[in-house]
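These values consider heavy atoms only, across backbone and side chains, with no hydrogens, waters or symmetry-generated copies.
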Amino acid sequence: MSAVDTTNRACCSIPVVQVDYTAQGVYKPHGAFDRVYVTGDNSETALIVVYDAFGYFPQTLQGADILAKSVGAQVFMPDFFGEGNACSTEKVPPKNDEDRKYFQEFMEGPGNFPASVPRLVAFADVLKAEGFKKIGALGYCWGGKVVLMGASNESSPLDAISVVHPSRFSAQDVEGLTVPLGLYSSNGESREEFEKASDLLSKKPFSAKVDCKYYSNMCVIRLYTLPLVPTHLVINRFCQVPRLGRCSGKPFRPDNKREYEDVYSRAAACFRNAFA
């Protein structure tokens, strides 16, 4: 058994922050998946959202609802892991050898990247066959890696992608990319790799539809969305880190809220530009 790659140390070391959110969509079987969260009603434009290693969370469902409205798309979030198989928030971040073994086994089992990519591509093919004219994909952390891999060949059915804090990211991830990309990295990723990737993307034939931003003052926490009210809850994937501690339930600073709004508005604009 090989050791778990810990390039993204923040990803596996900062606990989940939990809040309540009432999702606007529905769950139903779709394609080869027994459970898919579906929100929005556009019949021509579809977005596939690939969650992180922790599976469905109120905050990622909220993100899907936001994208459905801001992009003008029907959003699908397939349950890649299946019920009960998502990474446990009680064991990750790992606290001991048993937890580390658990996480290793998860990444080699339900969280295996190469095994997940064909399922993403096949689901996009299903949507194409159903009549959707434009199909994009957005991935968070674990899902970001899957999305990048799924869009890296000429036959990919995806028309555009965005990734937020992509897991185990390196510039090589964009070398074979064939569609426009929105790349949104936190300071949990290598700035050097981000810059190399941005340079490679600037030379792509679709460079005018690429958007990249490195959030140098924002760390990785376990969630991706921030409700407009109440703003006292820390549920943003990009959150200011105190010098001597991690993100907590303290009130958001104005720049935290701005960064949250920025990453979603940029991703939505990137998709709209790519689909135009």
Student: Salt bridge or not between Lys196 and Glu193? Use side-chain N to carboxylate O under 4.0 Å.
Tutor: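 Yes.
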Student: Verify whether the ring centers belonging to Phe33 and Phe80 lie closer than 6.0 Å.
Tutor: yes
Student: Val38 and Val75: side chain to side chain contact (heavy atoms under 4.5 Å, CB included), yes or no, with the steps?
Tutor: CA-CA 6 Å; Val38 183; Val75 176; over 6 Å; no
Student: Look up atom NZ in Lys28 and atom CG in Asp34, then write down how far apart they are to the nearest 0.5 Å.
Tutor: 14.5 Å
Student: Between Phe81 and Tyr51, what is the ring plane arrangement, given parallel below 30°, perpendicular above 60°, and tilted in between?
Tutor: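 Judged by the thresholds at 30° and 60°, the geometry between Phe81 and Tyr51 is tilted.
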Student: Would you call Phe57 and Thr89 a side-chain contact if the rule is heavy atoms closer than 4.5 Å?
Tutor: yes
Student: If we only count heavy atoms from C-beta on, is the Tyr184 to Cys270 side-chain gap below 4.5 Å?
Tutor: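 Side-chain contact under 4.5 Å: yes.
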Student: Phe103 vs Phe106 aromatic rings, parallel, tilted or perpendicular, using cut-offs 30° and 60°?
Tutor: parallel
Student: Sequence neighbours left out, what passes ring-ring contact (aromatic ring centres under 6.0 Å, His included) with Phe206? Give chain and number order.
Tutor: none
Student: Of the non-hydrogen atoms in Ser216 and Arg191, which two are nearest, and what is the gap between them?
Tutor: CB-NH1, 3.8 Å
Student: Distance only, no hydrogens: is a donor on one side chain within 3.5 Å (strictly under) of an acceptor on the other, for Asp65 and Thr39?
Tutor: yes
Student: Treating Glu189 as the side-chain partner and Ser186 as the backbone partner, does any N or O pair qualify as donor plus acceptor under 3.5 Å?
Tutor: yes
Student: For Lys209 and Pro180, work out which heavy atoms get closest and say how close.
Tutor: O-CB, 3.5 Å
Student: Are any of the side-chain heavy atoms of Ile48 and Leu120 separated by less than 4.5 Å?
Tutor: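 Yes, their side chains come closer than 4.5 Å.
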Student: Treating Ile, Leu, Val, Met, Phe, Trp and Tyr as nodes and any side-chain heavy-atom pair under 4.5 angstrom as an edge, say whether Val126 and Val146 lie in one connected cluster.
Tutor: no
Student: Under the salt bridge (Lys or Arg N to Asp or Glu O under 4.0 Å) criterion, do Arg168 and Asp173 qualify, and how do the steps go?
Tutor: CA-CA 9 Å; Arg168 305 182 186 184; Asp173 290 332; over 6 Å; no
Student: Rounded to the nearest 0.5 Å, what's the gap from CG on Asn42 to OG1 on Thr45? Could you check?
Tutor: 4.5 Å
Student: Report yes or no: does Lys128 contribute a side-chain atom to a donor-acceptor pair with the main-chain N or O of Lys134 at less than 3.5 Å?
Tutor: no
Student: Checking Lys91 against Tyr102: charged group under 6.0 Å from the ring centre and within 45 degrees of the axis?
Tutor: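 That pair qualifies as a cation-pi contact.
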Student: With sequence neighbours excluded, what pairs up with Asp97 under the side chain to side chain contact (heavy atoms under 4.5 Å, CB included) test?
Tutor: Arg100
Student: List the steps, then state whether side chain to side chain contact (heavy atoms under 4.5 Å, CB included) holds for Leu201 with Cys212.
Tutor: CA-CA 9 Å; Leu201 290 166; Cys212 303; 3.7 Å; yes
Student: More than 12 non-hydrogen atoms from neighbouring residues, nucleotides or ligands closer than 6.0 Å to CD on Gln172, yes or no?
Tutor: no
Student: Looking at His165 versus Tyr215, is the centre-to-centre ring distance below 6.0 Å?
Tutor: no
Student: Rounded to the nearest 0.5 Å, how far apart are OG of Ser190 and CZ of Phe169?
Tutor: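 Going from the OG atom of Ser190 to the CZ atom of Phe169 covers 9.0 Å.
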Student: Are Phe113 and Ser167 packed together at the side-chain level, in the sense that at least one heavy-atom pair is separated by less than 4.5 angstrom?
Tutor: yes
Student: Just by distance, do the side chain of Asn273 and the backbone of Ala269 share a donor-acceptor pair under 3.5 Å?
Tutor: no
Student: Which is it for Leu138 and Val163 under the side chain to side chain contact (heavy atoms under 4.5 Å, CB included) test, yes or no, and what are the steps along the way?
Tutor: CA-CA 6 Å; Leu138 180 143; Val163 294; over 6 Å; no
Student: Give the minimum heavy-atom separation between Leu47 and Ala73, together with the two atoms involved.
Tutor: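 Taking Leu47 first and Ala73 second, the nearest heavy atoms are CG-CB, 4.1 Å.
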Student: For Phe132, check ring-ring contact (aromatic ring centres under 6.0 Å, His included) against everything at least two apart and list the hits.
Tutor: Phe76
Student: Inspect the contact between Lys213 and Asp262 and indicate whether a charged nitrogen and a carboxylate oxygen are less than 4.0 angstrom apart.
Tutor: yes
Student: To the closest 0.5 Å, what do you measure between OG (Ser156) and CG (Asn153)?
Tutor: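 So the gap between those two atoms works out to 5.5 Å.
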Student: Quick check: closest heavy atoms across Phe271 and Gly136, and the distance to 0.1 Å?
Tutor: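 Minimum heavy-atom separation between Phe271 and Gly136: CE2-CA, 4.1 Å.
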Student: For atom CG of Asp41, decide whether the heavy atoms of other residues, nucleotides or ligands shown that lie under 6.0 angstrom number more than 12.
Tutor: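 Atom CG in Asp41 is not crowded, with 12 or fewer foreign heavy atoms closer than 6.0 Å.
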Student: Of the non-hydrogen atoms in Ala151 and Val179, which two are nearest, and what is the gap between them?
Tutor: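 In this case the closest contact between Ala151 and Val179 is CB-CG2, 3.9 Å.
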Student: Pair Phe123, His30 - check side chain to side chain contact (heavy atoms under 4.5 Å, CB included), show working.
Tutor: CA-CA 8 Å; Phe123 189 76; His30 204 110; 3.8 Å; yes
Student: Quick check for you: to the nearest 0.5 Å, what is the distance between Leu181 atom CG and Ser207 atom OG?
Tutor: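 Spacing of CG (Leu181) from OG (Ser207) equals 12.0 Å.
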Student: Can you name the closest pair of heavy atoms from Leu61 and Tyr27 and give their distance?
Tutor: CD1-OH, 3.3 Å
Student: Within a strict 4.5 Å, meaning less than it, do heavy atoms of the Asp211 and Leu183 side chains meet?
Tutor: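 No, every pair of side-chain atoms sits at 4.5 Å or beyond.
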Student: Are any of the side-chain heavy atoms of Ser185 and Pro166 separated by less than 4.5 Å?
Tutor: yes
Student: I'd like to know if the side chain of Arg272 reaches the main chain of Ser70, judged simply by a donor and an acceptor atom lying under 3.5 Å from each other, with no hydrogens or angles considered.
Tutor: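 Yes, Arg272 side chain to Ser70 backbone: donor-acceptor pair under 3.5 Å.
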Student: What is the distance from atom OG of Ser116 to atom NZ of Lys145, rounded to the nearest 0.5 Å?
Tutor: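 Ser116 atom OG to Lys145 atom NZ measures 13.0 Å (nearest 0.5 Å).
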Student: Could you tell me whether the side chain of Thr60 reaches within less than 4.5 Å of the side chain of Met77, counting heavy atoms only?
Tutor: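 Counting from C-beta outward, Met77 and Thr60 do come under 4.5 Å.
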Student: Is the shortest side-chain heavy-atom distance between Leu127 and Gln74 below 4.5 Å?
Tutor: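 Not touching, per the 4.5 Å side-chain cut-off.
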